Amino acid sequence: MPEDISLLQIVRFKDKESHQVFLEPEGRDVPELYLQINGTTGYEEAAAQGIVSGINAARHSDGKSLIVLEREISYIGTLIDDLVTKDLREPYRMLTSRSEHRLLFRSDNADSQLTPLGRDIGLIDDRRWELYQSKQARIKEEKERLKHTRVSGEEFAAEVTAVSNQPIKQSSTLEAILKKPHVQYKLLDKHGYGNEHLSRIEKDCVEIDIKYEGFIARQQSQLQQIINQEHRKLPDDLDYHSMKNLSLEAREKLSKVRPQTLGQAGRIGGVSPADMTVLLISMESTRRMAEYRRKQDMLRSAAVKADDSSDEVVHVSATTA
């Protein structure tokens, strides 16, 4: 700790609002001070902030750039982002529902989200890195195997149909079967179609990635849209009160502030990333409707011109005759 920072300063610093702290987190008023000060009622929340503070304190002392865990890749990032950007009036608890991207980072894929970052900043040694890479390679190979392996056993097909209440096509792939409701990887193991070299955790990762592939891809697309649409203009006459999927607070704040861009809208207190997704969907729907109407107008205009041309040809022919 810098010598010119007294214990009294730290105690006073604890009385500041959470939004007065940097996202790193680092104190705004005391740049060299990294600590966990935000009000929470859970040990896990305190530990999450503490580890990020400790990492950044060490990196700062070594003259390295600070790390920021974005809310799109971890619950720690969601927690810190909420604490330093929202005007909280009660102790904060980290709930999975607070994250609008919870399909993208889960307990089964936390290592794939954060291990590369841990490696980059020196927290993952060579042994753990090799274990991680081996695990990811096995998961990838297994998903490829399930995608290209076809089965046609009657006993297996009958049990799949009974479990999922859906018929299966002849020579269906194991991937297609695993996507069916209530069908789990252990059913593949039971009939000898599983991979005995995978751990239970690895099999769970494979099952989740395959079964929820469509939902995960859609959420990734929505997230990328939000990133790409940061500077997209918002219509001046946008009626926020008519968007019932927006939270009540978001409707009130947006109607009052009238932001000019999506980026500005996202930085308004009370407007969550989930509200931003609603805005994106609404704007895309409006754009498509406007495009449809424009095409219809063009077709009607072309039809009118064609009718006028036909009338003119008839008129000329009659005059010549």
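Treat the numbers as computed from the prediction; the structure is a model and nothing was measured. All residue numbers in this chain count up from 1 along the given sequence.
Side-chain contact between Met243 and Leu254: absent, with no pair of heavy atoms (C-beta onward) separated by less than 4.5 Å.
Taking Ile, Leu, Val, Met, Phe, Trp and Tyr as hydrophobic and joining them when side-chain heavy atoms fall under 4.5 Å apart, one finds Leu131 isolated, its cluster having no other members. Clustering of Ile, Leu, Val, Met, Phe, Trp and Tyr side chains at separations under 4.5 Å places Val183 together with Ile139, Leu146, Val151, Phe156, Val160, Val163, Ile168, Leu174, Ile177, Leu178, Tyr185, Leu187, Leu188, Tyr193, Leu198, Val206, Ile210.
Pairs engaging residues 116-144 under the ring pair (Phe, Tyr, Trp, His ring centres under 6.0 Å) rule: Trp129-Tyr132 [sequence neighbours left out].
Using a 4.0 Å cut-off between charged nitrogen and carboxylate oxygen, Glu175 and Lys143 do not count as a salt-bridge pair. The pair Arg300-Asp297 meets the salt-bridge criterion, since a charged nitrogen lies less than 4.0 angstrom from a carboxylate oxygen. Salt bridge status for Arg287 with Glu284: present, with a side-chain N to carboxylate O gap under 4.0 Å. Arg119 has a carboxylate O that lies under 4.0 Å from a charged side-chain N of Asp126, or vice versa, which qualifies the two as a salt bridge. Between Glu130 and Arg127 no salt bridge is recorded (no basic side-chain N to carboxylate O distance below 4.0 Å).
Note that Arg106 lies outside the cation-pi zone of Tyr212, set by a 6.0 Å cut-off to the ring centre and a 45° limit from the axis.
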Check the pair Lys256, Glu252 against salt bridge (charged side-chain N to carboxylate O under 4.0 Å, His left out), reporting the backbone distance first and the verdict last. CA-CA 6 Å; Lys256 180 180 179 180; Glu252 293 175 349; over 6 Å; no
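In terms of heavy-atom proximity, Leu234 sits nearest to Ala265 at CD1-CB, 4.1 Å.
Judged by distance alone, the side chain of Arg251 and the main-chain N or O of Leu246 form a donor-acceptor pair under 3.5 Å.
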